[in-house]
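Both ligands and their constituent atoms are indexed starting at 1 by order of listing. All of these numbers come straight from a predicted model, not from anything done at the bench.
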Amino acid sequence: MSADGGVFNPKSYLKAKSIIIMNYKLIEMQVHGDRRGKLISLEGLKNVPFEIKRIYYMFDTLPNESRGFHAHKELEQIIIAMDGACRFILDDGQKRESVLLNRPDVGLYIGKNMWREMHDFSYGCKLVVLASEYYDEKEYIRNYDDFLKSIKDGDNK
Ligand code: TYD
């Protein structure tokens with residue numbers, strides 16, 4: 001947990017390329033910028049640590065709605081707030097941390113066996129997600145008690 005009451009703000013950590021905390025990390029993307037503006041390129045197995053099989057995005061989320069509330073057995077993801085901000089809760093079954101995602105040049109990598117929730121979407125927030133697997137509902141754990149049990153039983157090690 002960070003010193004500012006649990007809110008992990010990537011702005012404080014931009015000097016580091018990545019920070020490993022539980023099975024997630026914030027990755028600072030390389031920005032190709034010139035006087036015209038900025039561009040970021042993401043390539044599977046290069047600056048994205050897995051082969052990208054799926055891309056999806058979330059937009060028009062109502063400000064009072066939360067999403068997520070699940071873990072994945074195998075899936076890895078990188079999530080980028082292309083516009084606006086949203087707060088992630090990340091939970092490995094023992095610790096629960098809060099990460100503010102609010103920059104298009106910082107990606108949140110989430111590995112397997114991590115419970116995630118998304119809260120506090122700003123108006124107009126747009127999240128893009130790169131995923132290591134195709135969509136498969138069977139691969140989700142959507143019940144928190146089942147998640148804790150899977151961690152305890154070592155189902156996904
Ligand atoms: P859901 O898993 O409920 O979103 P979240 O956990 O982020 O709140 O997904 C919403 C709907 O979209 C649900 O009907 C499943 C569908 N969906 C797909 O068809 N493909 C996908 O890649 C994803 C992520 C969701």
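- Looking at Arg142, Arg116, Glu117, Met118 and measuring to atom 1 (P) of ligand 1, the nearest heavy atom belongs to Arg142.
- Looking at ligand 1, you'll find an N or O of Gly68 within less than 3.5 Å of one of its N or O atoms.
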- Hey, mind stepping through Lys73 and Glu139 against salt bridge (Lys or Arg N to Asp or Glu O under 4.0 Å) and telling me if it holds? CA-CA 6 Å; Lys73 295 174 189 169; Glu139 198 267 336; over 6 Å; no
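- The proximity of Glu137 to ligand 1, defined as any non-hydrogen pair under 4.0 Å, does not occur for either the backbone or the side chain.
- Separating the CZ atom in Phe121 from the CG atom in Asn64 is a distance of 12.0 Å, to the nearest 0.5 Å.
- Close approach of ligand 1 to Arg54 is summarised as follows: ligand atoms under 4.0 Å from at least one heavy atom of the residue are 21 (C), 22 (O), 23 (C), 24 (C).
- When side chains are defined from C-beta on, Arg116 counts as touching Gln77, because their heavy atoms get closer than 4.5 Å.
- For the atom pair SG of Cys125 and CG of Leu62, the computed distance is 12.0 Å after rounding to the nearest 0.5 Å.
- Remark: atom 8 (O) of ligand 1 lies closer than 4.0 Å to at least one protein heavy atom.
- Contact annotation for Phe69 and ligand 1: no heavy atom of the residue comes within less than 4.0 Å of the ligand.
- Cation-pi contact between Lys126 and Phe59: absent, since separation from the ring centre below 6.0 Å together with deviation from the ring axis within 45° is not met.
- Considering only non-hydrogen protein atoms, atom 25 (C) of ligand 1 sits nearest to Tyr135 CE1, 3.7 Å.
- Note on ligand 1: Tyr140 sits in its first shell, one or more heavy atoms being nearer than 4.0 Å.
- Of the protein's heavy atoms, His70 CE1, 2.9 Å lies nearest to atom 6 (O) of ligand 1.
- Note: Phe147 and Trp115 have tilted aromatic rings, judged against thresholds of 30 and 60 degrees for the angle between ring planes.
- Shortest contact from atom 10 (C) of ligand 1 to any protein heavy atom: Arg67 NH2, 3.6 Å.
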- With side-chain contact (heavy atoms from CB on, under 4.5 Å) as the test, would you mind laying out the steps for Met58 and Val129 before giving the verdict? CA-CA 8 Å; Met58 285 168 259; Val129 184; 3.8 Å; yes
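- Protein heavy atoms all stay at least 4.0 Å away from atom 14 (O) of ligand 1.
- A donor-acceptor contact closer than 3.5 angstrom links the side chains of His119 and Glu117.
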